[in-house]
Amino acid sequence: MRPTTSLRRMIESDDIHLAPGAYDGLTARLVEESGSKLLYASGGAIARSRGVPDIGLLGLTEVADRLAQIVEVTGLPVIVDADTGFGNAVNAVRTIRLFERLGVAGLHIEDQTFPKRCGHLDDKSLVSTEEMTARLRAVVDARQDPDFVVIARTDAIATEGLDSAIERSHAYLEAGADVIFVEAPESVEQIEEIAARIPQPKLINMFHGGKTPLVPRDRLRELGYRLIIVPSDLQRSVITAVRQTLEAINRDGDSSAVRDQLASFAERERIVRTTEYLSIGT
């Protein structure tokens, strides 16, 4: 089954599907190995893996290079954070065409002004509903695979309030979006109200320490959410592990103090399938 068809069946089902956030080939391999059925290519995590913040500093081709690395090493459907489409409607069309060629299963595109910033940062600004719907219609019309999933994200809660976020969501659905992503609800009550007023398939962002409270997966499924992304938790765990290992190395001259926390040499090579690659042509 094509990844696009697999993702579309997920959003059309009555179940809820979890997409951990990867940002390079290695984390994509680990997500797949964990048993996950879906992967989220986090724009914020990709940016931070370059050592820069999630404020729209990376261009389309830089992100596409990383997506190519991710898609190459996993068979999971990949949902991509496409930011604002990297510009206006014309840029957004170029974005979906490139992402389709790379083999991703879907993308979300948002209504912030370009350059955007992380959805859980303050002082965001939005384009008009009219501009965003034009952008969405252009993206929907440009897709080649009808199963490719277009997710519309709105950041309106922080700038215009919940009612505006819901009004925008309905406009985005009318423009052809398959799934709605209302970013950064700030209470369980808001999460429930979004669900009550938007019966169509919805995506929600669940990560520890953000503006949105964590809600059990089964409750989100009951409310009609179909996709959960967890964008940055893998990267945050890596930051902690690297710091602990560096502390041991700088203190002792080697990492033996944290050896129980290290993957073995053999395990590392198994994850990246060294034996499989070396067997090619033999």
Side-chain angles (χ1 to χ4, degrees), residues 2-13 15-22 37-46 63 67 76-86 89 91-93 95-100 102-112 116 118-119 126-127 129 132-157 165-166 168-185 191 194-195 198-207 212 220 223-231:
R2 293 175 302 176
T4 52
T5 304
S6 179
L7 178 58
R8 184 158 292 274
R9 290 188 179 182
M10 288 180 185
I11 66 171
E12 292 174 349
S13 75
D15 205 353
I16 192 165
H17 307 276
L18 186 67
K37 304 301 181 185
L38 187 60
L39 185 150
Y40 177 59
S42 165
I46 289 172
V63 173
L67 294 178
L76 296 180
V78 177
I79 298 172
V80 177
D81 177 358
D83 287 350
T84 64
F86 299 94
N91 301 106
V93 166
T95 297
I96 187 173
R97 287 175 175 168
L98 176 54
F99 286 2
E100 277 199 279
L102 289 173
V104 304
L107 60 75
H108 68 72
I109 187 169
E110 65 201 58
D111 54 11
Q112 286 194 51
K116 55 76 59 83
C118 171
L126 307 187
V127 300
T129 301
M132 179 60 176
T133 54
R135 190 182 296 171
L136 280 167
R137 284 192 294 269
V139 166
V140 170
D141 289 345
R143 66 180 165 192
Q144 299 297 304
D145 181 350
D147 281 345
F148 188 96
V149 174
V150 175
I151 302 164
R153 166 177 152 176
T154 179
D155 287 69
I157 287 180
I166 292 172
R168 280 175 173 266
S169 295
H170 285 292
Y172 300 166
L173 287 163
E174 290 178 8
D178 301 302
V179 178
I180 288 296
F181 173 13
V182 179
E183 174 65 308
I191 293 170
I194 291 165
I198 305 173
Q200 292 86 351
K202 292 169 291 295
L203 178 151
I204 191 165
N205 184 356
M206 288 271 113
F207 70 94
T212 302
L220 292 171
L223 290 170
Y225 291 92
R226 292 294 168 256
L227 301 171
I228 302 172
I229 57 171
V230 187

Next on the checklist: Would Ile151 and Leu227 count as a side chain to side chain contact (heavy atoms under 4.5 Å, CB included) here? Give the steps.
Outcome noted: CA-CA 11 Å; Ile151 302 164; Leu227 301 171; 4.3 Å; yes
Item to check | CA sep, side-chain torsions, deciding dist, call: Leu107, Leu67, side chain to side chain contact (heavy atoms under 4.5 Å, CB included) | outcome: CA-CA 12 Å; Leu107 60 75; Leu67 294 178; over 6 Å; no
Item to check | Criterion side chain to side chain contact (heavy atoms under 4.5 Å, CB included) on Thr95 and Val63, from CA distance to verdict | outcome: CA-CA 10 Å; Thr95 297; Val63 173; over 6 Å; no
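Counting all heavy atoms, side chain and backbone alike, Leu7 lies closest to Ile79 at CD2-CG1, 3.8 Å. What you find for Arg137 and Ala175 is that their closest heavy atoms are CG-O, 3.5 Å. Taking every heavy atom of both residues into account, Ala89 and Ala134 meet most closely at CB-O, 4.4 Å. Summarising the geometry of Ala195 relative to Lys202, their closest heavy-atom pair is CA-CE, 3.7 Å, with the distance given to 0.1 Å. The minimum heavy-atom distance linking Pro77 with Ala105 is given by the pair CB-CB, 3.9 Å. Contact detail for Ala152 and Ala177: the closest heavy-atom pair is CB-CB, 3.7 Å.
Between the Asp81 side chain and the Asp83 main chain, a donor and an acceptor come within less than 3.5 Å of each other. Formation of a donor-acceptor pair under 3.5 Å by the Asp111 side chain with backbone atoms of Asp155 is found in this model. The main-chain N or O of Ser13 is found under 3.5 Å from a side-chain atom of Arg226 such that the two form a donor-acceptor pair. A donor-acceptor pair is defined here as one N or O able to donate and one able to accept, closer than 3.5 Å; no such pair exists between the side chain of Glu100 and the backbone of Phe148.
Rounded to the nearest 0.5 Å, atoms OG (Ser6) and CG (Asp147) are 10.0 Å apart. Rounding to the nearest 0.5 angstrom, the gap separating the CD1 atom in Ile109 from the CE atom in Met132 is 5.5 Å. Between the CG atom of Asn205 and the CD1 atom of Ile229 there is a distance of 4.0 Å, given to the nearest 0.5 Å. To the nearest 0.5 Å, atoms CG (Leu38) and CG (Leu18) are separated by 8.0 Å. Between the CD1 atom of Ile194 and the OH atom of Tyr225 there is a distance of 4.5 Å, given to the nearest 0.5 Å. The CD1 atom of Ile180 sits 10.0 Å away from atom CG of Leu203, with the distance rounded to the nearest 0.5 Å.
Checking each of Ile96, Ile46, Val104, Leu39 against Val80 for a side chain to side chain contact (heavy atoms under 4.5 Å, CB included) leaves exactly one that passes, namely Val104.
By the side chain to side chain donor-acceptor pair (under 3.5 Å) test, Arg8 is found to be paired with Asp178, residues two or more places apart in sequence or in another chain being considered. Judged as a salt bridge (Lys or Arg N to Asp or Glu O under 4.0 Å), and not counting sequence neighbours, the contacts of Arg135 are Glu131.
In this structure, Tyr172 and Thr133 have side chains that are in contact, with non-hydrogen atoms separated by less than 4.5 Å. Counting heavy atoms from C-beta on, the side chains of Leu220 and Met206 come closer than 4.5 Å. Looking only at side-chain heavy atoms (C-beta outward), Val182 and Ile198 come within less than 4.5 Å of each other. Counting only heavy atoms from C-beta outward, the side chains of Glu183 and Ile157 never approach each other to under 4.5 Å.
Under the 30°/60° scheme for interplanar angles, the aromatic rings of His108 and Tyr40 are found to lie parallel.
Looking at Arg143 and Asp145, no side-chain N of the basic residue comes within less than 4.0 Å of a carboxylate O on the acidic one, giving no salt bridge.
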